[in-house]
There are 2 protein chains.
Amino acid sequence: MAMAPQARRAGRPRSAVLGRARITAAARRIIEARGYPALTMSALARSLGVSPSALYNHAASKQQLLQWIQEDVMAGVDSSGFGRLPLDDALRLWATSYRDVFARHAPLVPVIAVLPVAGSPRTLRMYEDVAAGFLGAGWAEEDVAAAIIATESFIFGSALDATAPLDIFDAGEHAARFPAFSGAVARQRASGMPSAEAAFGLGLEALIAGLMTRGPGGPAASRSSS
Amino acid sequence: MAMAPQARRAGRPRSAVLGRARITAAARRIIEARGYPALTMSALARSLGVSPSALYNHAASKQQLLQWIQEDVMAGVDSSGFGRLPLDDALRLWATSYRDVFARHAPLVPVIAVLPVAGSPRTLRMYEDVAAGFLGAGWAEEDVAAAIIATESFIFGSALDATAPLDIFDAGEHAARFPAFSGAVARQRASGMPSAEAAFGLGLEALIAGLMTRGPGGPAASRSSS
DNA sequence: ACCTGAACACCGTTCAAGT
DNA sequence: ACCTGAACACCGTTCAAGT
């Protein structure tokens with residue numbers, strides 16, 4: 001998979017061997033093949049045939065590298081439904097693709113959740129589609145940002161949950177002391193669907209249904225008392 | 001804050017100076033005072049007046065230490081409403097306290113999201129309360145686990161979001177290219193409420209409203225006769 | 001400008017030796 | 001059983017030297 005790295009002397013090469021695109025692609029290959037723990041600056045440099053310090057001529061830090069990856073990965077999120085499909089269908093398409101992408105990139109979730117959007121044009125493009133979808137469906141402008149962020153929070157949490165071991169909710173030896181929960185988990189498991197899939201499906205439908213009651217037809221904005 | 005560490009020779013002390021409870025308490029003091037990045041095994045050992053390797057006589061790894069902290073922190077989550085309040089009110093109380101606790105412990109979220117519950121009796125106790133609440137409200141057993149996990153996913157995502165910088169959704173110089181989203185963000189900000197709070201409130205109400213339509217009797221019975 | 005190679009300041013963790 | 005102190009195998013990152 002990796003090119004056989006040619007020996008190279010110190011000094012500026014004739015043409016730059018790195019650059020953001022090549023570095024990001026190499027990082028994604030490592031993640032795909034061996035997972036996030038294998039993504040070290042050292043391993044990344046080796047796969048590119050350079051020394052680790054060379055990377056710092058392009059990326060300011062590993063954190064920045066992760067931001068590049070995030071921006072790249074975001075291309076897999078499908079926000080094409082907004083303005084074209086009914087809002088609930090567009091939300092389903094968006095949320096499902098968004099969760100699927102970040103379930104495969106769970107270590108990015110804590111990074112992206114805290115990352116200013118200004119540095120990520122592709123992410124902004126996506127938010128623009130979603131916001132336009134809400135507004136086009138007649139939503140009050142003051143609720144749109146909160147609705148987007150809330151949906152995204154559910155998506156991020158669900159992406160993390162999707163990476164959990166299948167038996168994460170097994171009470172094991174304590175099962176008898178927690179009969180309601182153990183029974184519910186056993187019953188859910190008997191359905192054959194992984195709990196993360198069932199939870200995402202049920203939660204997404206509930207969230208969308210709840211959001212729809214806030215749309216132009218619904219009982220507008222009760223002030224929440226929390 | 002830390003006791004002046006007395007010099008101690010190698011060899012077994014008369015009485016154990018560590019133990020899970022003391023280690024966990026010391027870790028929480030460090031987190032409280034200086035945040036998660038400051039929680040290193042070395043700093044923890046120093047605050048306890050021992051050498052770093054001494055910790056490994058009690059905790060198998062830093063990962064296990066984080067699990068102890070998680071279990072300890074979980075005591076702050078309020079699941080006392082289930083079986084006592086109407087289900088929607090109990091869910092509000094539970095979700096709000098749960099999010100608040102983990103907003104202050106965001107680095108635990110990726111840990112806990114993937115952690116088998118069997119090792120955490122306090123977490124199981126909490127799930128038992130929630131499951132009993134759903135069942136007591138007449139929910140079908142097969143939906144309970146998914147409903148709990150879905151709500152928790154929203155909580156975890158919201159906890160991460162709560163740690164984001166206040167201006168995370170500012171498009172900055174690109175604002176003009178993304179007018180729908182930028183307008184929505186500006187309008188939300190004008191309300192004076194931090195976007196994370198607005199999103200959690202709106203999302204929680206939507207999710208609960210959506211879940212209630214799935215309660216006993218199907219999509220008609222969302223009544224909470226308190 | 002963009003690379004190498006050595007070095008730095010950490011990490012978590014292991015283990016022999018001590019009582 | 002439970003501690004110390006030295007060591008190990010990493011990390012990400014910096015920087016002088018080279019072209």
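Sequence lines set the chain letters: A, B, ... in the order given, protein chains first and strands last, and positions in each chain run from 1.
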Open item on the list: Base of C:dG12, side chain of B:Ser42 - is there a donor-acceptor contact under 3.5 Å?
Closed with: no
Task: Base-pairing mate for C:dC11 - Watson-Crick or G-U, with both contacts under 3.5 Å - done: none
TODO: Could you check whether the rings of A:Phe178 and A:His174 sit parallel, tilted or perpendicular, using 30° and 60° as the cut-offs?
DONE: tilted
- [ ] Send over the distance from B:Tyr56 OH to C:dA16 P, rounded to a whole Å.
- [x] 17 Å
Task: Out of C:dT4, C:dT13, D:dT13, whichever nucleotide has its closest atom nearest the side chain of A:Ser51 - done: C:dT4
Open item on the list: Tell me if the side-chain of B:Thr40 makes a donor-acceptor pair with the base of C:dG12, cut-off 3.5 Å, by modelled atom types.
Closed with: no
TODO: Take the protein atom NZ of A:Lys62 and the nucleotide atom C1' of D:dC10, then report the distance between them rounded to whole Å.
DONE: 12 Å
- [ ] Nearest whole angstrom, please: distance from the P of D:dC2 to the CZ of B:Arg20.
- [x] 16 Å
- [ ] Measure the distance from CG on B:Leu39 to P on C:dC11 and round it to the nearest whole Å.
- [x] 11 Å
Task: Atom pair distance, as rounded to whole Å: CE in B:Met41 and C1' in C:dC10 - done: 15 Å
Task: Mutual orientation of the aromatic rings belonging to B:Phe181 and A:Tyr127 [parallel < 30°, tilted 30-60°, perpendicular > 60°] - done: parallel
- [ ] May I ask you to decide if the ring planes of B:Trp94 and B:Tyr98 are parallel, tilted or perpendicular, using 30° and 60° as cut-offs?
- [x] tilted
- [ ] Look at atom CD of B:Gln63 and say whether more than 12 heavy atoms of other residues, nucleotides or ligands are closer to it than 6.0 Å.
- [x] yes
Open item on the list: From CZ of B:Arg22 over to P of D:dC2, roughly how many Å is that when rounded to an integer?
Closed with: 12 Å
Task: Between D:dC2 (C1') and B:Asn57 (CG): distance, integer Å - done: 5 Å
TODO: Select from A:Ala54 and A:Pro37 the residue whose nearest nucleotide in DNA chain D is closer to the 5' end of that strand.
DONE: A:Pro37
TODO: If the plane angle is over 60° it's perpendicular, under 30° parallel, otherwise tilted; pick one for A:Phe154 and A:Phe200.
DONE: parallel
- [ ] Once you apply the 3.5 Å cut-off to both distances, tell me the Watson-Crick or G-U wobble partner of C:dG18, or none.
- [x] D:dC2
- [ ] Take the protein atom CG of A:Leu48 and the nucleotide atom C1' of C:dT4, then report the distance between them rounded to whole Å.
- [x] 15 Å
TODO: For C:dC3, take OP1 and OP2 only and decide whether either is under 4.0 Å from a side-chain N or O of A:His58.
DONE: yes
